[in-house]
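Presented below is the structure to which this report refers.
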Number of protein chains: 2
Amino acid sequence: MAEDTRARILAACAAVIARSGLARFRMSDVAREAGVSIGLLAYHFGDRDGLLEAALEEVTASAMRRADAAPESRTASARLAALLCSEFGDDPAIRAGSTAWNELRAAAVFDRDRSAAVSRSTSAWQEAVRELVARTAPGTDAAGTALALTALVEGLSGRWLTGQLTAAEAQTTVRRTLAALGLGAERNGPRPPVPS
Amino acid sequence: MAEDTRARILAACAAVIARSGLARFRMSDVAREAGVSIGLLAYHFGDRDGLLEAALEEVTASAMRRADAAPESRTASARLAALLCSEFGDDPAIRAGSTAWNELRAAAVFDRDRSAAVSRSTSAWQEAVRELVARTAPGTDAAGTALALTALVEGLSGRWLTGQLTAAEAQTTVRRTLAALGLGAERNGPRPPVPS
DNA sequence: GACACGGCTGAAACTGTTTTCAGGATACGG
DNA sequence: CCGTATCCTGAAAACAGTTTCAGCCGTGTC
């Protein structure tokens, strides 16, 4: 089935982006990762730009799925902390997803279409955070807080991916900031990573 | 003077990185921007990797100079706000510096040497913030707060550079977060950008 | 004036990578 | 069984970009 092949190719793309970054993105690396020929990439996606565009759409969709996958059956403040902390974790899939998303955000600085896609995904994530903030602390500036919290997580993600912080340190910083803003969860300390 | 030429080439590199990103970095673009030949780039820096390495060192040094340039004659809390907000501004040179720094951070995910350089620069900036936090609110966790504040600024910088926020909105978010953490400056609202 | 040296140019040579395409394999319908 | 369509390969052709280097120019020294 060709759809299955396209999905495998896009997953291979995300893996190559997460491993080497966009600056060293090579069709040959994707073909090897997916176990197909270079010609097949061109057959399905037209050319290198077409492949990259489809791959970055997949990275965006994957980021939105991760944001939606936060656990349900908890207090709003616990869900808020879990949602924010789901960006970090020792699971290689979480790291790969965060790295690919980080690359997409960096590329979005130079490309209006990518910037639009990143903006939509970020707005959806921020809206989810805003709702949880509004439930946790009614009457506060939930939108402003949601902006600050999601930006904080992106900044911490950068520190984690470059090795300046561990995932646990990043999660602790999120929780301490939530506590300092009066949004603290019932218990503190690093949580096990949310599966991706 | 060859030193003058090297400096012009490195400034041209930073400009090309800020305009097009690392993924589209071309020797020919740098030569054009600096008004020299491609051969001269190789004469001074060896090869493309040598040029990039020198350029990214310059980007790092430039980021550290920006952090050192925050104004002196103010209260600690005002200087803290100014230091954090100096990352955003309508001045094209500020934007270029932030973009180049953003590219360096993204590249640092994949390169240990660059990661080490980014880490040193970030630690220096974070230490400057920590000192100001300790003076503004003695007895609080200044190191943790400095980490959160600098990460917030990096996250907001990404939003600003991709067009999701204006510089003024980013600065307002920083000031509101400072206020929410009990580190507020004497007056609120967007400030004029600190010259770079 | 001759020579050495540093700074510099620009295009040929070279390398890396993408695009193209002839052709094979498989499945399906008539 | 044949024709058609789809999926796929892999290497030649094409293209993009870097590296190399012969040679020019200006300056300083003897």
Side-chain angles (χ1 to χ4, degrees), chain A residues 1-59 99-100 103-104 106-107 109-111 113-114, chain B residues 1-59 99-100 103-104 106-107 109-111 113-114:
Chain A
M1 190 53 168
E3 267 322 297
D4 180 60
T5 304
R6 291 174 63 92
R8 266 188 20 254
I9 290 172
L10 292 178
C13 273
V16 166
I17 291 169
R19 180 188 311 132
S20 316
L22 286 171
R24 288 185 163 81
F25 182 87
R26 297 287 181 273
M27 308 278 278
S28 53
D29 292 338
V30 177
R32 187 179 310 118
E33 178 77 21
V36 300
S37 68
I38 290 181
L40 187 61
L41 307 184
Y43 173 80
H44 279 289
F45 295 95
D47 55 15
R48 183 180 189 272
D49 281 347
L51 175 62
L52 259 185
E53 185 166 336
L56 295 178
E57 281 169 19
E58 172 58 27
V59 167
T99 306
E103 280 294 283
L104 175 53
V109 172
F110 307 102
D111 184 287
D113 290 334
R114 286 176 192 163
Chain B
M1 189 53 165
E3 266 324 294
D4 179 62
T5 304
R6 290 174 65 92
R8 264 187 24 251
I9 289 171
L10 292 178
C13 273
V16 166
I17 292 169
R19 179 188 312 132
S20 316
L22 285 171
R24 286 186 164 83
F25 182 86
R26 297 288 180 274
M27 308 277 277
S28 53
D29 292 337
V30 177
R32 186 178 311 119
E33 178 77 21
V36 300
S37 69
I38 290 182
L40 187 61
L41 306 184
Y43 174 80
H44 279 290
F45 295 96
D47 55 15
R48 183 180 188 274
D49 281 346
L51 176 61
L52 259 186
E53 186 168 336
L56 295 177
E57 281 170 18
E58 173 58 26
V59 167
T99 306
E103 280 294 284
L104 175 52
V109 171
F110 307 103
D111 183 288
D113 291 334
R114 286 174 193 166

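Quick caveat: nothing in here was measured; it's all calculated off a predicted structure.
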Starting at [atom1] of [X] and ending at [atom2] of [N], how long is that distance when rounded to a whole Å?
X: A:Leu52; N: C:dT17; atom1: CG; atom2: C1'; result: 13 Å
X: B:Asp49; N: C:dG16; atom1: CG; atom2: P; result: 12 Å
X: B:Ile38; N: C:dT9; atom1: CD1; atom2: P; result: 11 Å
X: B:Asp4; N: C:dC8; atom1: CG; atom2: C1'; result: 14 Å
X: B:Arg32; N: C:dT9; atom1: CZ; atom2: P; result: 14 Å
X: B:Phe45; N: C:dG7; atom1: CZ; atom2: P; result: 12 Å
X: A:Met27; N: D:dG10; atom1: CE; atom2: C1'; result: 14 Å

When you measure from the side chain of [X], which nucleotide among [options] comes out closest?
X: A:Ala42; options: C:dG7, D:dT19, C:dT20; result: C:dT20
X: A:Val36; options: C:dT18, D:dT9, D:dT18; result: D:dT9
X: B:Arg48; options: D:dT18, C:dT19, D:dG17; result: D:dT18
X: B:Ser37; options: C:dG10, D:dT9, C:dT18; result: C:dG10
X: B:Arg26; options: C:dT18, D:dT19, D:dG17; result: D:dG17
X: B:Tyr43; options: D:dC8, C:dC8, C:dT19; result: C:dC8

Under 3.5 Å: donor-acceptor pair, side chain of B:Arg48, backbone of B:Met27: no
Think A:Thr5 has a side-chain N or O under 4.0 angstrom from the OP1 or OP2 of D:dC8? yes
Look at A:His44 and D:dT6 and indicate whether a side-chain polar atom (N or O) is within less than 4.0 Å of OP1 or OP2. no
Would you indicate whether B:Arg19, at its atom CZ, is surrounded by more than 12 heavy atoms from other residues, nucleotides or ligands within a distance under 6.0 Å? yes
Would the number of heavy atoms belonging to other residues, nucleotides or ligands and lying under 6.0 Å from CD of A:Glu53 be above 12? no
Measure the spacing between CG of A:Leu22 and CZ of A:Phe110 and express it to the nearest 0.5 Å. 11.0 Å
Side chains of A:Val30 and A:Phe25, heavy atoms from C-beta outward: is any pair under 4.5 Å? yes
